[in-house]
Protein chains: 2
Amino acid sequence: MGVMAALSDPIRVGLVRVLADGQERGWGELRAPVAKSTLSHHLKVLRDAGLTRTRQEGTRCFVVLRREELQARYPGLLPAVLAAAEDEDVGHQVAVSPSLQESSL
Amino acid sequence: MGVMAALSDPIRVGLVRVLADGQERGWGELRAPVAKSTLSHHLKVLRDAGLTRTRQEGTRCFVVLRREELQARYPGLLPAVLAAAEDEDVGHQVAVSPSLQESSL
DNA sequence: TAGCTTGTTCGATGTTTCACGAACATCGAA
DNA sequence: TTCGATGTTCGTGAAACATCGAACAAGCTA
């Protein structure tokens with residue numbers, strides 16, 4: 001699946017939106033109105049499209065948006081997509097909320 | 001269908017690529033490896049997504065990319081999409097070739 | 001009017017994608 | 001080693017999408 005196709009799903013745009021600040025996030029922080037298997041699927045699509053990178057640490061995973069690589073390869077794409085998402089009110093169903101483990105680090 | 005979804009199909013990206021110079025093109029100039037009903041469908045999707053404008057003149061139609069509106073609403077999106085298309089080698093199946101009527105204008 | 005051209009609409013079909021729950025794999029902790 | 005937490009994979013069903021050919025509508029032209 002190409003970059004554009006990856007960015008054409010509301011949940012995935014929401015994930016990108018949440019990751020847009022460049023902060024690494026834990027799986028557990030991601031709040032999306034889908035089953036965990038579905039979330040796993042979407043994160044795999046984003047990964048395969050080269051939009052994110054995943055780091056494993058023990059049993060837990062962390063995602064980060066590959067901002068620099070994206071800016072290098074598709075200059076301006078990310079801001080444009082985020083602006084379009086705002087404009088079309090897409091992606092607001094996804095949020096971050098600190099998991100218990102995270103907050104005690 | 002949103003802007004991103006509209007841009008996630010290879011044929012449609014090809015059409016945008018071909019229209020990218022801002023030149024108005026006739027239906028008949030558009031060469032894509034699909035049936036005319038399918039081409040009509042894709043052009044409708046682009047139109048509905050606000051990417052193109054269609055003008056009718058007698059029985060014939062002309063399309064043009066809405067470059068300024070796009071730049072205003074989603075700054076940088078179009079160049080980024082075109083760059084991504086180049087990079088992923090998407091959209092090259094669509095071309096323009098002058099129709100007989102066009103060439104005699 | 002009859003016929004040709006151009007593009008749209010319709011109905012059917014096959015593919016892809018999204019979504020879920022269940023089963024599985026892996027790692028750390030008890 | 002047993003348990004609990006965390007993601008992934010699998011099987012399945014539903015919805016969306018791409019595609020085609022045929023039928024249709026509208027407008028020139030003979």
Side-chain angles (χ1 to χ4, degrees), chain A residues 1-16 24-49 51-64 90-91 93-94 96-105, chain B residues 1-16 24-49 51-64 90-91 93-94 96-105:
Chain A
M1 196 182 294
V3 176
M4 286 301 146
L7 289 171
S8 68
D9 180 272
I11 299 280
R12 289 195 291 266
V13 171
L15 291 168
V16 169
E24 186 181 62
R25 303 289 183 178
W27 247 232
E29 288 182 274
L30 271 21
R31 299 275 172 268
V34 291
K36 68 173 184 175
S37 58
T38 304
L39 184 58
S40 181
H41 161 68
H42 284 307
L43 287 165
K44 175 174 167 53
V45 172
L46 289 176
R47 209 185 316 135
D48 290 351
L51 288 164
T52 61
R53 190 197 326 282
T54 290
R55 182 172 63 86
Q56 191 135 11
E57 194 180 306
T59 73
R60 309 182 53 207
C61 285
F62 298 88
V63 227
V64 66
V90 165
Q93 40 193 334
V94 179
V96 277
S97 72
S99 63
L100 292 176
Q101 290 89 336
E102 244 67 50
S103 59
S104 60
L105 288 184
Chain B
M1 195 182 290
V3 176
M4 286 303 147
L7 290 171
S8 69
D9 180 90
I11 299 280
R12 289 196 291 266
V13 171
L15 290 168
V16 169
E24 186 182 61
R25 301 291 184 177
W27 246 232
E29 287 181 275
L30 272 20
R31 300 274 173 269
V34 292
K36 68 171 182 173
S37 57
T38 305
L39 183 59
S40 181
H41 161 67
H42 284 308
L43 287 165
K44 175 174 166 55
V45 171
L46 290 176
R47 209 185 315 135
D48 290 351
L51 288 163
T52 62
R53 190 197 326 282
T54 289
R55 181 172 65 86
Q56 193 134 9
E57 192 179 308
T59 74
R60 309 182 53 208
C61 285
F62 298 87
V63 227
V64 66
V90 165
Q93 41 193 333
V94 178
V96 278
S97 71
S99 62
L100 291 176
Q101 289 92 335
E102 244 69 50
S103 58
S104 60
L105 288 182

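These numbers were taken from a predicted model, which means no experiment stands behind them. Chain identifiers are assigned alphabetically (A, B, ...) following the order of the sequence lines, protein sequences preceding nucleic acid strands; residue numbering begins at 1 within each chain.
When all heavy atoms of B:Val94 and B:Ala32 are compared, the closest pair comes out as CG2-CB, 4.1 Å. Closest approach of B:Pro10 to B:Val90, counting heavy atoms only: CA-CG1, 3.8 Å. Here the shortest heavy-atom pairing between A:Ala6 and A:Leu51 reads CB-CD1, 3.9 Å.
If you take CD on B:Gln93 and CG on B:Leu15, they are separated by 9.5 Å, rounding to the nearest 0.5 Å. Interatomic distance, CD of B:Glu24 versus OG1 of B:Thr52, reported as 11.0 Å (0.5 Å rounding). Put simply, OG on A:Ser97 and CD on A:Glu29 are 7.5 Å apart, with the number rounded to the nearest 0.5 Å. Between the NE2 atom of B:His41 and the CG atom of B:Asp9 there is a distance of 7.5 Å, given to the nearest 0.5 Å.
When the P atom of D:dT19 is taken as reference, atom NZ of B:Lys44 falls 17 Å away, rounded to whole Å. B:Asp48 places its CG atom 15 Å from the C1' atom of D:dC17, with the value rounded to the nearest Å.
A heavy atom closer than 4.0 Å to some atom of DNA chain C occurs in A:Gly58, A:Thr59, these being the qualifying members of residues 52-59 of chain A.
Between C:dT8 and B:Trp27, a contact under 4.0 Å exists linking OP1 or OP2 to a side-chain N or O. OP1 or OP2 of D:dT8 has at least one side-chain nitrogen or oxygen of A:Arg47 nearer than 4.0 Å.
At a threshold of 4.5 Å between non-hydrogen side-chain atoms, the residues A:Arg12 and A:Val16 do not count as touching.
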Can you give me the N/O atom pairs linking the protein to nucleotides 16-22 of chain C at distances under 3.5 Å, or say none if there are none?
| from | atom 1 | to | atom 2 | distance (Å) |
| --- | --- | --- | --- | --- |
| C:dC18 | OP1 | A:Asp9 | OD2 | 3.4 |
| C:dC18 | OP1 | A:Arg12 | NH1 | 3.1 |
| C:dC18 | OP1 | A:Arg12 | NH2 | 2.8 |
| C:dC18 | OP2 | A:Arg12 | NH1 | 3.4 |
| C:dC18 | OP2 | A:His41 | NE2 | 3.1 |
| C:dA19 | OP2 | A:His42 | NE2 | 2.6 |
| C:dC20 | OP2 | A:Ala35 | N | 2.6 |
| C:dC20 | OP2 | A:Thr38 | OG1 | 3.1 |
| C:dG21 | N7 | A:Ser37 | OG | 3.3 |
| C:dG21 | O6 | A:Ser37 | OG | 3.0 |

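Nucleotide C:dC20 forms a Watson-Crick or G-U wobble pair with D:dG11, both donor-acceptor distances falling under 3.5 Å. Across all strands shown, D:dG27 forms a Watson-Crick or G-U wobble pair with C:dC4, both key distances being under 3.5 Å.
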